[in-house]
Every structure is written in C-alpha cells, then in structure tokens.
Amino acid sequence: MSGGTLIVGASQAGLQLAVSLRQLGDTEPITLVGEEVHPPYQRPPLSKDFLAGETDPESLALRAPSYYADAAIDLVSGECVTEVVLSPSGPPGSGTAATPSGRAFAFDRLALTVGAGPRRLAVPGAELDGVRYLRDRDDAAALRQHLGSASWVVVVGGGFIGLEAAAVARALGKDVTVVEAADRLISRAVAPVVSEFYLRAHLRRGTRVLLSAGVAGFEGVQGRVTGVRLGDGTTLPADLVLVGVGVLPRTELAERLGLECDRGIVVDGRARTSDPHIVAAGDCTVQPHPVTGLGRVRLESVQNAVAQATAAAASLLGRPAPQPAVPWFWSYQGDLKLQIAGLSGGYDQHVVRGEPDSERFSVLYYRQGELLAIDAVNSPADYMAVRRALTQGATVPAGVAGDHGTPLKSLLTARPAAVPSS
C-alpha cells in the first residue's frame, strides 16, 4: 500500500485521528497500526468496571468491528512500528515505516499516537510473579484473574490508577494496603484538602494507607511474590502487588526522527511536532498549556486524546484549528466519583463547597482571583457549572463560591475585563 496517512499507535488518539480525517472529508488511504492484537478500546474502565469483573472485553471496543471497513480505515493489529524513514526526495513528511515482522508501510503523512508505557520499579524482586502493572487490556485481564484468588493486595502508588484499583480490590473483600512515596495522595493533581479527603475515605472503607513510604524490594518464594519490603525495613504480606507509579511517554520513534522531545513529544497547539509535517497526539505528547498557551504540560485523559487528535487531523489537511476545549477528567474510586474541569496548576487560592467528610463536596481553584478549575466529588452539578463557566469565559467569584446552599450555576458572572498595561 502506498501513500495516504500512516497513524502509528491504535490508541484512543490514533482512532480519533483517523475518524476525524474521514469526518473532514479526507478520501486518501488511512492505515492505523497498533502493537496490541486488540482493536482500539477504552482504557479508563480497565482500573474500574473491567477490573471488578462488571464488564466484558467486547464492551471495551471503541467501534464496532465493521466500522473500519465501512470507513475505509486499514486497521493493522499486532504489529509494532520500530523504524520510520522520511523520504529525502518525496513530499515533505512522506516516507516508509517498517515492523520487525517485515511489514512495510509507505506514507505521505505521518501521525504518532504511540501513548505511554508504565514506569517500572527497579528494585530487587521486581520480576516476581504477582507483581503487576496496569496499562493495557492484557494487563487488566491478568490482574483481574490474580485478584480473584488473592488475599493480601499491596498497591504501590497513591495516584488515580492505584486508588481506583485499591477501591476495586477492597470492594471484593481483599486486605488492601496502599504505599505512597509522597506525603499525601494524588499530590500532583489536587489540593491538600482533596488528598486528605481521599485518605480518610479509603481508611473508612478499610484500606490501609502508608504515606512517605518507599519500596525497597519484593520478597518471594518459588518465584512468586509473598511480601513488599519497605525502606524502613518492615515487610507487608502480599500475594498480589499492583505497581502504579506513573507512565513514561513513548518517544523512541520521535527521537529517531530527530523530533524535539522533552518528557514527551513536543507539539504545538495544533498537534504539530518540531517537523510541522508530522503530528502527534495523546499521552505521548507535551503541549502548550491549553488555556494560557504558556509553558508545557502533559495531559493523560480521554478528553485530551480526542481534542489533540482532532486538531492533528485538521493540521494534516491544512484546515483551521478547532476551538480549544476546556480540559476535563474523571476518576471513579468505588462510589467516590471525582470530576475535574480545568487545570489547577499554579493556583494561589482554593474554596471548599460543602463538607468533605459528607463525601459530597467541591473545591474551586483560583489564581489572582481568576477561576482555574474545579474538583467535584459526587457533585456533578458543581462540575458542570464550572466547566460551563470555563468554556464560556465566565467565572464564580471566590467570595461567594463557598455558599453551599446556593446552586453554583446561579453564581456564574462575566469574567472581569483585563486591565490594559500602561
């Protein structure tokens, strides 16, 4: 097959890019190559409903099997692109790609949607059976199988994935301990008041949480994990360990192509790499702040994957960039449903609405009086009000945001006009 668009990585972003190309009227060939044998699927349920055994693998599919043929998208599964060479004489951005099995793909346009891989612990015993990671469908299926027979579960990492999996394991009646190296849970994403809420909520449900605790190694018998050894010398019994300590963007192909990388593939607001003829989208990228345009951020969410992929498709076709979208994210930890709109980084003030111990409250974030974001726990109306405000350029004055008796949507006001500098 020659020409057309080659999308490397059959992720949520990869599929969305292909879909967006077709929606924009592109009739050129599209090849979507994925390393996994499974067609593109949803990842968020892997640490929630799927892990709990409440959904089956088929329900994870992002599209019906017939969709790819109907949309003239050539889906190639179970192949890993390891080499990409740009043509020295062809149109800018064209070239060929190859896989270890000998498959070759010629392309006129290239998109990288290669995602990220789990950050692995380099400690003694890390290769023991029963030490698991959760990134793809096969990981989740194996973890679900192990969870059925496990008694003592240790989760290394108190971020969203770790806490979601801990909630599932605890609901199944397992003895669960969360080990977090930082001094609070989800420390990179939420304010201390939200971290404290999740600590107390998980403790109430019977999960043990150890903060400021490092893992020195894993102990085992006959190749099977039996314990987690901490930095202070204590050992936690464990017949199943889930390590969730973050991810590493997959930048190998981009680096070989000479593209700029900085903790991810660097792209602009239109998903163009340092070679403007090549685009990238999803968890593998770092991008300008989607609201301010300042600095670089890496966003791991379905919303970002879809938004970036849509922008990438427009860039490949030379179309106008879509309107920037307000970032949003969710984390369901059992019956604790956290919804986030906006980006709270750099906040200098936060306002709490409601009582955290009631397990229904919100936190609004501000910088110099400007509304940045909301964390809403079991408070969907507050979440929707702030998401609408951020989308429309409105705000909720910090002085009244804490009035829990007044619906947040009735407190929305126009954002004050910026004062011109003299």
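The basis for the numbers below is simple: all heavy atoms, side chains too, and nothing from hydrogens, waters or symmetry mates.
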Is the number of heavy atoms from other residues, nucleotides or ligands within 6.0 Å of CD (Gln368) greater than 12? no
Out of Val19, Leu75, Leu62, which one pairs with Tyr67 under the side chain to side chain contact (heavy atoms under 4.5 Å, CB included) rule? Val19
Main-chain N/O of Ser212 paired with Asp183 side-chain donor or acceptor, under 3.5 Å: no
Tyr68 versus Arg63: any side-chain heavy-atom pair under 4.5 Å? yes
Distance-only donor-acceptor check, side chains His146 and Asp239, under 3.5 Å: no
Would you check if there is a donor-acceptor pair between the side chains of Ser47 and Glu164 at a distance under 3.5 Å? yes
So, are Arg135 and Asp139 salt-bridged, with charged N and O less than 4.0 Å apart? no
Do the side chains of Thr273 and Asp268 get nearer than 4.5 Å, heavy atoms only? no
Under 3.5 Å, is there a donor-acceptor pair between the Ser195 and Arg184 side chains? yes
Does either side chain, that of Thr226 or that of Glu219, offer a donor lying less than 3.5 Å from an acceptor on the other one? no
With distance as the sole criterion, is a donor-acceptor pair present between the side chains of Tyr365 and Asp375 under 3.5 Å? yes
Answer yes if the side chains of Glu79 and Ser101 hold a donor-acceptor pair under 3.5 Å, and no otherwise. yes
Between atom CG of Leu185 and atom CZ of Phe160, what is the distance when rounded to the nearest 0.5 Å? 10.5 Å
Nearest heavy atoms of Leu390 and Ala373, plus distance in Å: CD1-CA, 4.3 Å
May I ask you to check whether Thr5 and Glu28 show a side-chain donor-acceptor distance below 3.5 Å? no
Do Arg120's NZ or CZ and the ring of Tyr133 fall within the cation-pi criteria of under 6.0 Å and 45°? yes
Is it the case that over 12 heavy atoms from other parts of the model lie below 6.0 angstrom from the CH2 atom of Trp152? no
So Ile30 and Asp74, do their side chains get closer than 4.5 Å, heavy atoms only? no
Does Arg296 come within less than 4.0 Å of Glu260, counting only side-chain N to carboxylate O? yes
Looking only at the side chains, is there a donor atom on one of Ser331 and Gln333 sitting less than 3.5 Å from an acceptor on the other? yes
If you measure only the distance, is there a donor-acceptor pair under 3.5 Å linking the side chains of Asn304 and Gln287? yes
Any idea which heavy atoms bring Val131 and Gly125 closest together, and the distance? CG2-O, 4.1 Å
Return the minimal non-hydrogen interatomic distance between Leu240 and Arg132, and the atom names on each side. CD1-CG, 3.7 Å
Would you call Glu359 and Arg205 a salt bridge, taking side-chain N to carboxylate O under 4.0 Å as the test? yes
For a quick test of reading the model, state the closest non-hydrogen atom pair linking Ala401 to Arg353 and the distance between them. O-CG, 2.6 Å
Looking at Asp382 and Arg360, does any basic side-chain N land under 4.0 Å from a carboxylate oxygen? no
For Leu336 and Ala201 the tightest heavy-atom approach is CD1-CB, 3.7 Å
Is there a side-chain contact between Leu51 and Leu147 in this structure, where contact means two heavy atoms from C-beta onward sitting under 4.5 Å apart? yes
Does NZ or CZ of Arg144 lie under 6.0 Å from the centre of the six-membered ring of Phe50, at an angle within 45° of the ring axis? yes
Can you establish whether the number of heavy atoms outside Gln145 located under 6.0 Å from its atom CD is more than 12? no
